[in-house]
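Each remark here refers to the structure printed beneath this line.
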Amino acid sequence: MTSSALHDRIRDNLAAVRARTTAACERCGRDPASVTLIAVTKYASEAAVQALYDLGHRDFGESRPQQLAGRASRYPADVRWHLIGHLQRNKAALVLPIVHRIHSVDSLRLLRKLDEVAAAEGQRISILLEVNISGEASKDGYSANAVVNEWADITAVTSVDLVGLMTMAPLDADAEQTRAVFHGLRRLRDELAQQGPWPLPELSMGMSGDFEIAIEEGATMVRIGSTLFTGVEETQG
Ligand SMILES: *Cc1c(COP(=O)(O)O)cnc(C)c1O
């Protein structure tokens, strides 16, 4: 694929995702500007990521800390890098100076580690708790019960800003099951925000196959990979 063909293809894919986002927002009376599109680049080639950057896109998501760090080192500092995959505690210090948001904090131990590393660096870090709303055994994430039960410990951190919640619908879920998962995340967020001390404005939910449902259920960040890069050669993730 020539670089101009690749650029055109990515431009068209991005425009299509934006049009679908706007249509979903119109259906539920939301402002499209209230939904941040995170381009998930975990399987994308360097040329495809560069094309998105050249088109003015600035929010990128990676699921592996090491790959995120590598990519971040090759792009200007105006990129907002989102870590959306599992983080081991021993990689906390690696990603802390680079990431804009960590969406995938799934345990109190990890949360406390991030708090400790951020405090030591005199830095603050914004994170979301990943919640396994569906209760699917194969999924990472806090159970909704654990978040509620541990809320006093969670809110005791001092260098971490908890800005919201993240979830994924089960792969084999139909539209109604998917909607129930996203709705459940929103209700949990409302309940926790009510308790305080954080307003929890962000809901990170929705991927290529279900982002319109997520927007209808209140997503403020959608994480989209395959639909953005369709028709473009992919690397082996
Ligand atoms: C890969 C990934 C995505 C993007 O998935 P697509 O179906 O390719 O859009 C979103 N969120 C997470 C956590 C992912 O790992």
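Remember, it's 1-based here, ligands and their atoms both numbered in the order they're listed.
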Closer than 3.5 angstrom, by distance alone: can the side chain of R223 be matched with the main-chain N or O of S204 as a donor-acceptor pair? yes

Could you list the residues that satisfy ring-ring contact (aromatic ring centres under 6.0 Å, His included) with H57, not counting sequence neighbours? F60

Can you list every pair where an N/O of ligand 1 is under 3.5 Å from an N/O on the protein?
{"unit_1": "ligand 1", "atom_1": "8 (O)", "unit_2": "S226", "atom_2": "N", "d": "2.8"}
{"unit_1": "ligand 1", "atom_1": "8 (O)", "unit_2": "S226", "atom_2": "OG", "d": "3.1"}
{"unit_1": "ligand 1", "atom_1": "9 (O)", "unit_2": "S208", "atom_2": "N", "d": "3.0"}
{"unit_1": "ligand 1", "atom_1": "9 (O)", "unit_2": "S208", "atom_2": "OG", "d": "2.6"}
{"unit_1": "ligand 1", "atom_1": "9 (O)", "unit_2": "G225", "atom_2": "N", "d": "2.8"}
{"unit_1": "ligand 1", "atom_1": "11 (N)", "unit_2": "R223", "atom_2": "NE", "d": "2.9"}
{"unit_1": "ligand 1", "atom_1": "15 (O)", "unit_2": "K42", "atom_2": "NZ", "d": "2.6"}

The test is salt bridge (Lys or Arg N to Asp or Glu O under 4.0 Å); show your working for R112 and D115 and say whether it passes. CA-CA 5 Å; R112 285 177 168 160; D115 196 38; over 6 Å; no

Supply the atom-to-atom distance S126 OG to H100 NE2, rounded to the nearest 0.5 angstrom. 7.0 Å

Under a 3.5 Å cutoff, is there a donor and acceptor pairing between the side chains of H7 and D54? no

Stepwise, does the salt bridge (Lys or Arg N to Asp or Glu O under 4.0 Å) test hold for R71 with E46? CA-CA 9 Å; R71 279 239 155 95; E46 209 54 54; 3.2 Å; yes

